[in-house]
Amino acid sequence: MQWLEIKIWLESATGFDRDALHIYGAVIIQFGLALFFRRSLASPWPWIAVFIVAVANEYLDYQRVGDSAASIAFFKAEGYKDMWNTMVIPTFLMMVARFWPAWMTGKPKDLNRSTASSVLKEDAV
């Protein structure tokens, strides 16, 4: 079974179009590898793995491009769109996890402040 046949089967089995499969596949790969290798989403390694899989997918797609200028131009346009669809959410998740982790976990400082203020109130009583 060739790569294109696998992608067509996946599309028909899930009911999602190829663009959605790029998005869902990227998120599943990023979370799955982060979990498997016990890495945070802030680590660049799950993101790099998604990027490698996306480039490999585009390379396999490129294998079926013809020699005409129109087919090459179409492949380039589709390839850029596929890479964008694949990488935008993993990039966003990695950036948030790296630079603004409180967005994902809440603010532990607020919890400590509220706990400290309640302890101070109890001590005052």
Side-chain angles (χ1 to χ4, degrees):
M1 188 177 245
Q2 291 186 352
W3 183 240
L4 180 61
E5 293 171 340
I6 293 170
K7 288 170 59 171
I8 291 171
W9 175 83
L10 247 155
E11 188 177 356
S12 65
T14 62
F16 296 125
D17 66 348
R18 289 188 189 157
D19 292 337
L21 287 175
H22 279 272
I23 296 166
Y24 293 137
V27 171
I28 289 169
I29 291 168
Q30 186 182 27
F31 275 90
L33 289 177
L35 183 65
F36 182 76
F37 289 113
R38 297 177 187 235
R39 297 278 186 170
S40 164
L41 289 180
S43 170
W45 293 111
W47 184 91
I48 290 170
V50 171
F51 184 76
I52 290 170
V53 170
V55 168
N57 176 55
E58 293 309 311
Y59 175 76
L60 291 171
D61 284 350
Y62 182 73
Q63 299 300 310
R64 60 185 176 90
V65 173
D67 293 334
S68 71
S71 66
I72 291 171
F74 178 75
F75 168 77
K76 283 183 181 179
E78 285 295 309
Y80 291 137
K81 183 181 77 165
D82 288 348
M83 288 299 292
W84 172 261
N85 281 336
T86 303
M87 296 309 300
V88 72
I89 292 177
T91 301
F92 175 76
L93 290 172
M94 183 187 70
M95 299 301 274
V96 168
R98 276 185 95 94
F99 300 112
W100 305 284
W103 287 6
M104 293 183 157
T105 61
K107 296 183 180 182
K109 292 178 186 176
D110 292 343
L111 179 63
N112 291 337
R113 286 183 190 154
S114 65
T115 305
S117 66
S118 67
V119 168
L120 289 175
K121 287 179 186 175
E122 288 176 11
D123 288 342
V125 174

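This chain uses plain numbering: 1 for the first residue, then up along the sequence. Since this is a predicted model, take the numbers as computed values, not measurements.
Grouping the Ile, Leu, Val, Met, Phe, Trp and Tyr side chains by contacts below 4.5 angstrom, directly or via other members, places Leu60 with Trp9. The hydrophobic cluster containing Ile52 also contains Ile23, counting ILVMFWY residues as joined when their side-chain heavy atoms lie under 4.5 angstrom apart, directly or transitively. When the side chains of ILVMFWY residues are joined at heavy-atom separations under 4.5 Å, either directly or via intervening members, Ile28 and Phe92 end up in two distinct hydrophobic clusters. In the hydrophobic clustering of ILVMFWY residues, with side-chain heavy atoms under 4.5 Å counting as a link, Leu35 and Val96 come out apart. Phe74 and Trp3 fall into different hydrophobic clusters, defined by Ile, Leu, Val, Met, Phe, Trp and Tyr side-chain heavy atoms under 4.5 Å apart, directly or through other members.
For the atom pair NZ of Lys7 and CG of Asn57, the computed distance is 4.0 Å after rounding to the nearest 0.5 Å. Atom OG of Ser71 is separated from atom CZ of Arg64 by 10.5 Å, given to the nearest 0.5 angstrom. Rounding to the nearest 0.5 angstrom, the gap separating the OH atom in Tyr24 from the CZ atom in Phe16 is 4.5 Å. Rounding to the nearest 0.5 Å gives a distance of 4.5 Å between OG1 of Thr14 and CG of Leu21. With rounding to the nearest 0.5 angstrom, the CZ atom of Phe31 is 13.0 Å from the CD1 atom of Ile29. Remark: Asp19 CG to Glu78 CD distance equals 7.0 Å, nearest 0.5 Å.
Counting all heavy atoms, side chain and backbone alike, Pro90 lies closest to Ala26 at CG-CB, 3.7 Å. What you find for Met95 and Trp100 is that their closest heavy atoms are O-CE3, 3.6 Å. Contact between Gln30 and Leu41 at its shortest, heavy atoms only, is CG-CD2, 3.8 Å.
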request  = Could you check Gln63 against Tyr59 for side-chain hydrogen bond (donor to acceptor under 3.5 Å, both in side chains), going step by step and ending with a plain yes or no?
outcome  = CA-CA 7 Å; Gln63 299 300 310; Tyr59 175 76; 3.2 Å; yes
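Looking at Trp47 and Met87, their side chains come closer than 4.5 Å, going by heavy atoms from C-beta outward. Put simply, the side chain of Ile8 reaches to within 4.5 Å of the side chain of Arg18, judged on heavy atoms. The shortest distance between side-chain heavy atoms of Asp82 and Asp61 falls below 4.5 Å. Between Pro46 and Met94 the shortest side-chain heavy-atom distance does not fall below 4.5 Å. Taking the side chain as every heavy atom from C-beta outward, Met83 and Val55 approach each other to under 4.5 Å. Within the 4.5 Å cutoff, the side chain of Leu33 has no heavy atoms near those of the Arg39 side chain.
Note: Trp84 and Tyr80 fail the aromatic proximity criterion, with ring centroids not under 6.0 Å apart.
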